[in-house]
Amino acid sequence: MFVYYSGIHYLCTRKNEILNYMKILPIRLAVVLLGALMLAGCKSSRDVAYFQNIEDVDLSLSKGLYTARIMPKDELTITVSSTDPTAASVFNLSVSKTISNSSTSLSTQQILVPYVVDNDGYINYPQIGRLYVVGMSCVELQEYICKKIAPYFSNDDPPLVTVRMSNYRVTVLGEVSSPRVVSVSEEKMSVLEAIASAGDLSIYGQRKNVIVIREDENGEKSYHMLDLTDANVINDPYYYVQQNDIIYVTPNKTKARNSDIGQVTTITISITSILISLASLMYNILKK
């Protein structure tokens, strides 16, 4: 009982001081909460900008045109053209596809059948049989097929062969704006172009830690780390993507801390709100 009355006496004698403290306590709590949230979102520009040392890089080391090489499981579209349609048609495998032009009319269109490279690196080509194509570029395969089918055409009318990879694509995952599978129409794409196609890195993506996972023609997988803040990435052998590459952008520490924002931040805000409410309540009680 003595302790209780002593506490009451202390509160009464120090009432003005307590009132002044309780008056500014909600403001202090609000400032602390705001500061914590701002610090959580701070990020150095050194972790965001690409090519930070571009003026120190020898770009001559990247001289040369990238050439994609055919791999197992690639789908190849091979077209043979000639002034003799009958001779060329033998080498242009196609199927008929019905297309609806409107609600009442239908039309039939010939669609070329792609050649799928098997696990041993071969395709089955009309009149010629099995051709080993793994490791060739599209241009090299064009020349190779042209020589193989030349006997079926007149010397005055050599065939024209066009080869395209119809399933050239890469996958971009992780801290990008729009993760997706990116189709490569020109058989040449850099890592930066692939990332740009996925909407660029988010502010939480590690520019210094971009992983490229690659599978070779023997099915062996490997990975490589790229630092996009270093302009020397232009000279990196992994700068240009290969078909079926997987590009993964790892999250930074800020994203890791914010991964539980739905729980931690909510709890922090709730506790702060309760403290502010209690401080305001005690202020109003002591003020009477």
**Message:** Between Asp200 and Ser177, is there a side-chain donor-acceptor contact under 3.5 Å, judged purely by atom types and distance?
**Reply:** no
May I have the list of side-chain donor-acceptor pairs in residues 160-167 shorter than 3.5 Å, sequence neighbours left out?
{"from": "Ser166", "atom 1": "OG", "to": "Glu75", "atom 2": "O", "distance (Å)": "3.1"}
{"from": "Asn167", "atom 1": "OD1", "to": "Glu75", "atom 2": "N", "distance (Å)": "2.9"}
{"from": "Asn167", "atom 1": "ND2", "to": "Lys73", "atom 2": "O", "distance (Å)": "3.2"}

**Prompt:** Quick one: side-chain hydrogen bond (donor to acceptor under 3.5 Å, both in side chains) pairs with a partner in residues 210-219, sequence neighbours left out?
**Reply:** Arg214-Asp245
What donor-acceptor contacts under 3.5 angstrom involve side-chain atoms of residues 122-139, with partners at least two apart or in another chain?
{"from": "Arg130", "atom 1": "NH1", "to": "Asp118", "atom 2": "OD2", "distance (Å)": "3.4"}
{"from": "Ser137", "atom 1": "OG", "to": "Glu140", "atom 2": "N", "distance (Å)": "3.1"}

**Message:** Suppose we screen for side-chain contact (heavy atoms from CB on, under 4.5 Å). Which residues come up paired with Thr83, at least two apart in sequence or across chains?
**Reply:** Asp157
**Item:** Qualifying residues under salt bridge (Lys or Arg N to Asp or Glu O under 4.0 Å), relative to Asp230, sequence neighbours excluded
**Value:** none
**Asked** By salt bridge (Lys or Arg N to Asp or Glu O under 4.0 Å), which residues pair with Arg169, not counting sequence neighbours?
**Response** none
Do [X] and [Y] come close enough that some side-chain heavy atom pair is under 4.5 Å?
X      : Y      : answer
Ile211 : Met225 : yes
Leu141 : Ile70  : yes
Val191 : Val233 : no
Tyr168 : Ser183 : no
Ile246 : Val170 : no
Gln206 : Val249 : no

**Message:** Angle between ring planes, Phe91 versus Tyr152, binned at 30° and 60°: parallel, tilted or perpendicular?
**Reply:** perpendicular
